[in-house]
Number of protein chains: 2
Amino acid sequence: MNPTKAKLMLAVTDLLKEDGIAGLSARAIAARAEVNQALVFYHFGTVMDLVDQACRAATDEAAASYRDELAEVTSLSELLELGRGLHERERAAGNITVMAQLLAGAQRDKTLAETARYALGRWNDEVEAAVARALEGSPVESVVDAPGLSRAISSAFIGLLMYDGVDRPGAESAFASLEQLGALVEVIEDLGPAARLVLRARLKGRG
Amino acid sequence: MNPTKAKLMLAVTDLLKEDGIAGLSARAIAARAEVNQALVFYHFGTVMDLVDQACRAATDEAAASYRDELAEVTSLSELLELGRGLHERERAAGNITVMAQLLAGAQRDKTLAETARYALGRWNDEVEAAVARALEGSPVESVVDAPGLSRAISSAFIGLLMYDGVDRPGAESAFASLEQLGALVEVIEDLGPAARLVLRARLKGRG
DNA sequence: GTCTATAAGATGATAGAC
DNA sequence: GTCTATCATCTTATAGAC
């Protein structure tokens with residue numbers, strides 16, 4: 001990989017984390033990378049193509065870095081614990097912030113929408129596998145499916161980190177509540193077989 | 001209210017819903033409002049002041065329109081049911097999309113961050129009251145608090161609607177999973193007093 | 001209050017020297 | 001591959017006619 005290309009791609013995600021998609025421009029990116037502005041177009045053709053490649057690469061890297069950790073998850077309790085740590089780290093790392101800004105920009109730009117879909121999918125590949133394992137043998141297995149739950153977790157993280165950007169205490173209390181509801185599910189998970197049957201019967205009677 | 005001011009303010013939220021914060025400009029807003037570009041500055045001084053006023057007004061109106069509905073909520077089941085309808089309607093109305101774009105833009109602009117904080121707070125005033133009522137007497141009352149849960153619900157909605165923008169089926173399945181987990185909480189809510197005590201005891205043993 | 005015209009600067013993108 | 005210089009076009013914002 002050409003060092004200038006690498007510098008430009010890194011500058012994109014840095015700026016996305018700090019300033020968001022709104023103020024992103026070829027000149028801002030080049031300045032951040034300490035590189036001549038014309039090189040953006042020499043190496044990537046258009047600004048959007050640079051953003052696309054930078055975000056895909058960053059997503060691949062981020063997903064891979066969480067891969068081993070997610071691979072060890074075998075229960076909802078472990079998933080919940082991992083979520084707590086991930087939330088803290090993501091505040092500093094900003095991978096989810098990049099995704100949130102991608103989603104915000106996707107409304108306008110179709111190229112960006114495609115990039116966002118890729119990032120969402122890539123991220124989900126890792127999360128869904130862990131969720132599926134955590135759900136296995138759990139009494140809530142018959143209630144929720146792994147594809148849906150993993151996407152719910154992802155979107156909740158995205159919403160939470162955006163909320164965090166303007167109201168940190170509020171986001172903190174929101175996350176605490178979600179954790180407590182998660183603990184509730186854990187309690188159910190630890191229920192005896194008799195209680196499980198009662199629960200399953202009651203849930204059957206609903207939507 | 002001056003009709004030109006009103007047209008400009010409406011144009012802002014329309015554009016925010018359709019194109020997002022990224023492409024927003026005085027000229028685009030004026031064109032959408034079918035009004036001369038210079039009138040943006042005559043009436044509002046700066047573009048950001050126009051965006052600020054437009055979003056605050058739109059938030060007040062949206063929150064008020066949901067107020068009566070939220071006022072009738074007295075249980076988690078009702079809250080869950082309202083959430084399903086709200087999700088459908090918000091996809092068309094776009095009030096939450098406006099908030100998401102506000103949050104995305106807040107990363108860069110401090111004025112926008114203040115606007116986003118206002119919108120989040122205004123929205124929360126309505127939701128938290130309903131959540132507090134729904135939680136009253138519920139067995140989960142000792143587990144989650146209304147301020148935290150209402151903010152969790154808000155941020156989940158924001159994340160879900162952003163997800164929806166690029167992957168509708170994915171967002172749909174995510175929402176379905178959250179609903180099913182909500183149904184689980186409902187089942188717990190309907191538990192007898194003996195089961196409640198067991199649950200409370202088990203939860204005490206945790207964080 | 002609304003218009004035209006314009007200033008002063010930022011933007012994406014390209015041509016051509018090195 | 002990198003630079004300077006430049007393009008047409010876009011941006012916010014203002015001055016002044018009506």
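In this text, all values refer to a predicted model and were calculated from it rather than measured experimentally. Note on naming: letters A, B, ... go to the chains in the order of the sequence lines (proteins, then strands), and numbering restarts at 1 for each one.
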- prompt: What is the distance, rounded to the nearest whole Å, between atom CG of B/Asn36 and atom C1' of D/dG16?
  reply: 14 Å
task: Quickly work out the B/Phe41 CZ to D/dT11 C1' distance and round it to whole Å.
output: 9 Å
Which residue lies more 5' along DNA chain D, comparing A/Gln37 with A/Tyr42 via nearest heavy atoms: A/Tyr42
query: Under 4.0 Å: is that the gap between some side-chain N or O of A/Thr46 and OP1 or OP2 of C/dG12?
result: no
message: Taking the side chain as everything from C-beta on, heavy atoms only, tell me whether A/Phe157 gets closer than 4.5 Å to A/Met99.
response: no
message: If we count only N and O atoms by modelled type, under 3.5 Å, do the side chains of B/Gln101 and A/Gln107 hold a donor and an acceptor together?
response: yes
query: So, B/Asp52 versus B/Thr111: side-chain donor-acceptor pair below 3.5 Å or not?
result: no
Closest contact, heavy atoms only, B/Arg151 versus B/Asn124: NH1-OD1, 2.9 Å
task: To the nearest Å, give me how far apart NZ (A/Lys5) and P (D/dT2) are.
output: 11 Å
- request: Provide, to the nearest angstrom, the distance between the CG atom belonging to B/Leu15 and the P atom belonging to D/dT11.
  value: 12 Å
- request: Starting from C1' on D/dT14, measure out to CZ on B/Phe44 and report it in whole angstrom.
  value: 18 Å
message: Once rounded to the nearest 0.5 Å, what's the spacing between atom CG of A/Leu70 and atom CG of A/Leu86?
response: 7.5 Å
Rounded distance (Å) that lies between atom C1' of D/dC3 and atom NE2 of A/His43: 12 Å
field: A/Thr4 side-chain proximity, nearest of D/dT14, C/dT4, D/dT2
entry: D/dT2
- prompt: Among the nucleotides C/dG1, D/dT2, D/dA13, which one has an atom lying closest to any side-chain atom of B/Asn2?
  reply: C/dG1
task: Please determine, for the side chain of A/Ala38, which listed nucleotide (D/dA13, C/dC3, D/dT4) has the closest atom?
output: D/dT4
query: Nearest-Å distance, CG (A/Asp49) to C1' (C/dG12)?
result: 13 Å
field: Residue among A/Glu179, A/Glu90, A/Glu78 satisfying salt bridge (charged side-chain N to carboxylate O under 4.0 Å, His left out) with A/Arg84
entry: A/Glu179
field: A/Asp109 CG - C/dG12 P separation (whole Å)
entry: 12 Å
- request: Determine whether the side chains of B/Glu172 and B/Tyr163 contain a donor N or O and an acceptor N or O closer than 3.5 Å.
  value: no
task: Tell me which nucleotide among D/dT2, D/dA13, C/dC3 gets nearest to the side chain of B/Leu39.
output: C/dC3
message: Using a strict heavy-atom distance below 4.0 Å, which residues from residues 16-28 of chain A are in contact with DNA chain C?
response: A/Ser25, A/Ala26, A/Arg27
